[in-house]
Each structure stands twice: as structure tokens, then as C-alpha cells.
Amino acid sequence: MMDRPRQLTLALDASQASGSLALFEDEALLYASYFNVSITHSETLMPQLDNALKLTGFQPAEIGKILLANGPGSFTGLRIGLATAKGIAYANRCPLKAFSSLQLAALPRMNCGKNIISVIDARMKEVYAALWDEELNLLHGPEVCPPAEILNWDFGDAWLIGDGSHILPADERLKSLHPTALGYVPAIGLYTLDALLGADSVYDFDALADLQPFYLRDFSAQIKRNG
Amino acid sequence: MSKPAYILAFESSCDDTSVAIVDTDYNVLCNLISSQKEHQDYGGVLPELASRLHLKNILRLTEAAYIKTGLSKDDISAVAVSINPGLIGSLIVGLSFAKSYAWSLGLPLITVNHMLAHIFANFITHKDIKAPFLALVVSGGHTELVHFEDMLKFTVVGKTLDDAAGETFDKTAKILGLGFPGGPIIDELAKKGNPKAFDFPRGLNKKGNYNFSYSGTKTAIYNHILSMDPDEREARLHDLAASVQQAIIDPLINKSISWARVNGIKDILLAGGVAANSALREQLGQKAAKYGMKLHYPGLSLCMDNAAMVAAAAIPKYLTGHYSDLNVNAFSLKGTKLL
């Protein structure tokens with residue numbers, strides 16, 4: 001019997017202040033790291049990745065699939081993540097699959113019997129937020145808005161999750177469980193998202209070239225704020 | 001003779017995304033530039049927009065470079081990228097892509113100072129220049145005299161203590177309502193003007209002082225223009241442009257020639273956006289020839305930001321194995337530096 005070629009999958013998130021990556025060989029998790037240090041992803045991401053490959057005994061050219069948390073989040077972080085992922089995908093001619101950082105944040109409350117509001121701190125007194133059903137189908141948003149605005153959404157009885165949860169005004173309907181502990185879902189979760197929700201993908205140059213971060217906020221937001 | 005190696009280079013320091021492939025004999029196989037016109041609607045470069053557009057452009061430009069040259073990734077020997085000075089968000093896009101692409105292909109990564117790259121653009125046009133030489137780096141943000149003992153060892157022997165020469169061109173053009181960038185506009189107007197019509201001060205003109213100062217010159221120009229009647233300003237626009245230009249380029253010419261003479265340098269290299277100024281090229285060239293020196297400047301298309309110059313600056317590093325680690329970061333600090 002012929003051995004099936006090993007599929008090495010890289011999962012990557014540099015969209016938030018903290019970052020993470022994971023390596024899977026077929027369905028098996030080989031390596032996962034999480035870094036929440038006050039050093040830019042521009043300095044930390046590639047050494048982390050290089051270390052991951054060295055420890056697991058793989059060559060960079062063996063990465064056959066990339067999963068990326070593509071925003072919303074820090075603009076610079078999003079670009080570091082996507083530019084890094086594009087460089088690998090282009091060199092290896094492998095598929096790059098982008099997922100919503102808000103969907104990734106909602107993952108721990110999947111199939112817990114209620115809708116889920118995932119919230120990421122967007123700074124400038126706003127949050128990035130989306131409402132999902134318990135199977136992670138999008139019901140409302142995603143939006144960038146003042147935290148209080150979310151209370152006007154028709155979310156029923158919902159879980160609240162994500163690192164922006166603590167910014168929301170207190171509301172009886174939002175059953176937030178340990179928002180800090182569950183504030184950040186590392187890149188390892190992207191594998192679950194891909195397995196549950198992702199479609200098959202192949203390397204497609206045009207799709208890779210056209211893929212942009214999911215900024216959600218306009219580039220001119222800073223100018224408008226400064227008048 | 002060994003076959004030259006190919007360097008793939010990226011430049012994303014401001015509002016031009018550029019990808020080039022250059023061989024180690026300084027032959028440019030392609031030098032693709034995507035200029036971001038989108039900023040024109042905002043009266044200046046918006047850093048966040050610039051960063052977004054770099055990420056949008058960089059992969060298609062890379063693919064276009066391979067298509068244009070007929071080369072493939074297997075033909076590339078090193079990846080080069082500019083990481084300073086510039087807009088930090090823009091630099092990081094080029095750096096992140098270059099890093100992971102080089103890493104994936106198992107190629108060395110060579111990081112380059114953008115101003116140094118402007119100097120090395122000269123080697124693309126003049127392949128026979130040998131160190132030691134003196135470089136005059138003049139742009140909207142920089143005015144520096146840099147002495148190269150060899151291709152990798154250099155000292156900044158003079159620099160501006162306040163404003164840059166290019167900035168003085170830009171500010172003058174702004175006061176006169178002529179547009180941006182001011183250098184080419186003033187250069188063109190000055191061709192029909194008298195450079196001695198108005199006498200503007202030259203900063204730090206004491207012998208032996210190789211630093212530059214343009215704040216006094218700029219203020220004098222500003223005050224004089226404001227004191228003029230609008231009709232007179234209009235009527236004497238060519239004389240005004242020629243006199244302003246002469247006040248800006250005189251210190252550049254005199255200090256370059258003086259330092260080169262004192263230190264026995266025979267080759268002067270002009271670099272940066274202001275290297276495109278026709279009066280500076282002509283007068284510095286004439287004065288250099290008078291003292292038995294030779295002035296070199298890059299072709300006009302190489303004076304703007306481009307990736308071929310980044311590759312050119314990477315060549316001496318490639319040949320001597322000066323590679324960067326994966327934790328190298330971009331930074332915005334001004335000046336010519338060996339990174």
C-alpha cells in the first residue's frame with residue numbers, strides 16, 4: 001500500500017496584540033506557540049515559525065497549506081500576518097485560507113446552545129463585533145462600532161466572548177463566562193474552523209494576490225478622528 | 001569568470017511599490033514600479049493607505065518580474081529589501097513578504113538602508129566606479145556627505161543640522177503655489193532665470209565645515225517672497241526660481257568639492273531625488289572636472305524610489321555574506337546606515 005503524502009498545515013495569527021501559530025501534520029497537532037510580548041510581530045513571527053519547523057524536523061518548502069486569522073484587528077499586525085503568509089504560499093505554491101478573527105474568537109462557545117457575540121477591542125473607543133448562531137453562521141455584522149451599540153442588536157440570549165468583552169456595558173442578557181481567560185483563541189483553533197467550516201482549496205495565484213486583510217475600518221478613520 | 005547571481009529586491013519605503021531582479025554585475029533585468037496615485041486626492045502621502053496599497057501590489061509585481069525576465073524562483077540567489085528610513089508601516093509590508101519568501105525558498109535575506117541604495121543606484125549606470133569615493137545624498141529628507149573607504153565601510157562626514165535641501169525646494173514651491181514636488185518645477189523655471197538676481201544666504205559657509213544648514217536660507221527666501229508684490233512675484237518668477245536654486249545648490253557643490261580635494265578623492269557620486277536637478281548635475285560636474293575629479297549620477301529613472309537600487313546596495317553584502325537574521329525589523333530613523 002502506498003503511503004499518503006504527509007500534509008503539513010501552518011496556522012497563523014498576527015491580527016491581535018498577541019500572536020500564535022500551530023503546525024499540523026495531517027490531523028495531528030505537532031507544535032503550537034502563543035506569544036504575548038511587547039515586541040512587534042515583525043520581529044517575533046518569523047523566528048517563531050523558523051523554530052517551529054526546526055523543532056518538528058520539517059523544511060519550509062514542505063508547508064502545504066496555510067490557515068490565517070485575517071482580521072479585523074491591528075492594521076499593522078494584519079499586514080504582517082498576511083504578507084508573511086503570502087510569501088510562503090507564493091514560494092510553495094500552496095493554498096492560503098483566510099478566516100475571520102471574530103469567528104475564531106467565537107469558537108470556544110460553538111454548539112453551547114446560544115447565539116454568540118464575539119468582540120475584539122478596536123481602540124478609539126470602538127469594538128469590532130459580530131453575532132453568530134451556535135453553529136458559527138453569521139447573523140449580524142461584522143461591524144466596528146461603539147460598544148454600547150451592540151446592546152441594540154437582536155441577539156436574544158447570547159454568549160459574549162472575545163478580548164473586547166470587558167468594554168461592553170453590563171447587560172443581563174449577556175452571559176459572559178471568564179472573558180479574560182477566553183479572550184484570545186490561538187491559531188490552533190483555525191484548524192478546527194477549517195475542518196468544520198472550510199471548503200476545499202487549491203493554490204490559485206489570482207486569489208492569493210487579491211487577498212487583502214479584513215480591515216473593517218476605513219483607512220481614513222484616523223484622519224477623521226483627528227479632524 | 002563565474003556566472004553572475006540574481007538578486008530579487010523589494011522597495012516599499014514610501015508610496016512606490018517596486019520589485020526588481022538585478023544580477024551581481026549590476027545588470028538590471030527588470031525594475032517594476034507601481035506608483036500610488038491614490039494619495040493625490042489627499043494632498044500628501046497617507047501612511048495607512050500607502051501600507052494597504054503596498055500589500056495589494058507586491059505579489060502581482062513579483063509575479064510580473066518573473067514573467068518579464070523569464071526567470072523562475074529557482075534562478076534567484078538572494079532576496080533584498082529596504083528596511084529604513086521610511087514610513088514604518090510601508091517598510092514592514094515589504095520586509096514581511098521578503099522575509100517569509102526568502103525563508104521558504106531557503107535563500108539569504110539582505111536588508112538595505114534606503115539612502116544607501118540611492119547611492120548604489122550609481123553602480124547600475126556606471127559599473128566601473130571603484131572605492132574610495134564621496135557620495136552626496138540629497139533628497140526631501142536628507143542632505144549628507146558620505147565617504148566610502150570601500151563598498152561596505154563608510155563614514156558620514158557632513159550632514160544637515162536642520163532642514164534638507166529637497167525640503168527647501170518643496171517649501172519654496174509651496175509658498176509660490178507651484179505644486180509638489182518643488183525640485184523639478186523650480187529646476188524648469190530656473191532655466192530661464194538669472195541665478196544672481198536675488199541674493200539669499202548660504203548656511204555654514206565657513207571653510208572646513210562640511211555640515212549643511214538650510215533653515216536660514218529657507219526663512220530668507222520665505223520672507224523675501226512674502227515681501228514681494230504679487231505682480232512682481234509673477235513677473236520675476238524665473239529669476240526667483242534660479243536664485244533660490246543657486247542658494248540651495250551652492251553649499252552642496254562647494255562642500256563636496258572641498259572635502260574631496262582635501263581628502264584626495266577622485267570620484268563623487270550624486271544620489272537621491274535632488275540628484276535629478278539639472279543645475280546641480282551641470283555645475284558640480286564642471287567644478288569636479290576643473291579639479292581632476294569625476295562626477296557620477298544615476299540615470300533619471302533611477303533617482304526615484306525603486307527596487308533596482310536596493311538590489312545594487314545588496315550586491316556587496318551578498319558577495320561578502322552579510323545576511324540578515326529573521327528577527328530583523330524595519331525602522332524609520334533618518335540617515336545613511338549600514339544595516
Side-chain angles (χ1 to χ4, degrees), chain A residues 10 12 14 39-54 58-64 66 70-71 74-94 96 205-213 215 217-224 226, chain B residues 8 10 12 17 36 38-39 41-44 46-64 66-67 72-74 76 79 81 83 87-107 109 111 324-331:
Chain A
L10 164 68
L12 198 63
I39 304 172
T40 163
H41 292 316
S42 179
E43 285 177 61
T44 53
L45 194 59
M46 283 309 300
Q48 288 279 344
L49 187 47
D50 189 49
N51 191 42
L53 272 282
K54 280 179 178 150
F58 281 90
Q59 295 298 316
E62 291 180 274
I63 295 171
I66 304 170
N70 200 30
S74 142
F75 291 166
T76 302
L78 290 178
R79 281 189 287 270
I80 292 169
L82 183 55
T84 300
K86 280 193 182 199
I88 301 165
Y90 181 58
N92 291 1
R93 302 284 193 267
C94 74
L96 166 58
F205 174 77
D206 288 323
L208 182 65
D210 291 340
L211 181 61
Q212 294 303 308
Y215 292 110
R217 184 183 264 156
D218 193 72
F219 70 87
S220 57
Q222 194 81 28
I223 310 167
K224 284 174 190 158
N226 296 337
Chain B
L8 172 70
F10 299 98
S12 67
T17 319
Q36 303 174 356
E38 290 84 345
H39 299 283
D41 299 340
Y42 302 93
L46 295 186
E48 175 57 26
L49 178 60
S51 303
R52 291 185 181 196
L53 292 171
H54 285 305
L55 184 53
K56 201 172 171 186
N57 296 333
I58 198 160
L59 186 48
R60 286 205 182 273
L61 273 181
T62 309
E63 179 76 354
Y66 282 128
I67 291 168
S72 80
K73 60 184 181 179
D74 299 331
I76 303 299
V79 175
V81 62
I83 60 164
L87 299 170
I88 186 77
S90 289
L91 288 163
I92 278 178
V93 173
L95 175 62
S96 300
F97 183 76
K99 249 191 210 185
S100 69
Y101 188 62
W103 176 79
S104 300
L105 297 178
L107 297 175
L109 175 75
T111 51
S324 288
D325 293 330
L326 285 172
N327 66 350
V328 65
N329 200 6
F331 57 107

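Every chain is numbered from 1, with letters handed out A, B, ... down the list of sequences.
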Select one option (side chain, backbone, both, neither) describing which atoms of [X] are under 4.5 Å from chain B's heavy atoms.
| X | value |
| --- | --- |
| A:Ile39 | neither |
| A:Thr40 | side chain |
| A:Leu53 | side chain |

If you look at every heavy atom in [X] and [Y], which pair is closest and at what distance?
| X | Y | result |
| --- | --- | --- |
| A:Ala91 | B:Leu105 | CB-CD2, 3.7 Å |
| A:Ala83 | B:Val93 | CB-O, 3.9 Å |
| A:Glu43 | B:Asn329 | OE2-ND2, 3.2 Å |

- Task: Would you confirm whether B:Lys99, through its side chain, and A:Ser42, through its main-chain N or O, come within 3.5 Å as a donor-acceptor pair?
- Result: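 Yes, the answer is positive, given that a donor and an acceptor are paired below the 3.5 Å cut-off.
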For the residue pair [X] and [Y], establish whether any side-chain heavy-atom pair is separated by less than 4.5 Å.
| X | Y | result |
| --- | --- | --- |
| A:Arg217 | B:Glu48 | no |
| B:Val328 | A:Met46 | no |
| A:Lys86 | B:Tyr101 | no |
| A:Tyr90 | B:Lys73 | no |

- Task: Please test B:Arg60 against A:Asp206 for side-chain contact (heavy atoms from CB on, under 4.5 Å), starting from the C-alpha separation and ending with a verdict.
- Result: CA-CA 8 Å; B:Arg60 286 205 182 273; A:Asp206 288 323; 3.1 Å; yes
- Item | Structural part of B:Lys56 lying under 4.5 Å from a heavy atom of chain A |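 Contact with chain A involves both backbone and side-chain atoms of B:Lys56.
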- Query: With only heavy atoms counted, which part of B:Leu55 is less than 4.5 Å from chain A, the side chain, the backbone, both or neither?
  - Reply: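 Both the backbone and the side chain of B:Leu55 come within 4.5 Å of chain A.
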From [atom1] ([X]) to [atom2] ([Y]), nearest 0.5 Å:
| X | Y | atom1 | atom2 | value |
| --- | --- | --- | --- | --- |
| A:Leu49 | B:Ser104 | CG | OG | 8.0 Å |
| B:Leu53 | A:Phe219 | CG | CZ | 8.0 Å |
| B:Ser100 | A:Ile63 | OG | CD1 | 9.5 Å |

- Task: For chain A, find which of B:Thr62, B:Ile88, B:Asp325, B:Asn57 contributes the most heavy-atom pairs closer than 4.5 angstrom.
- Result: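 Ranked by contacts with chain A, first place is B:Thr62.
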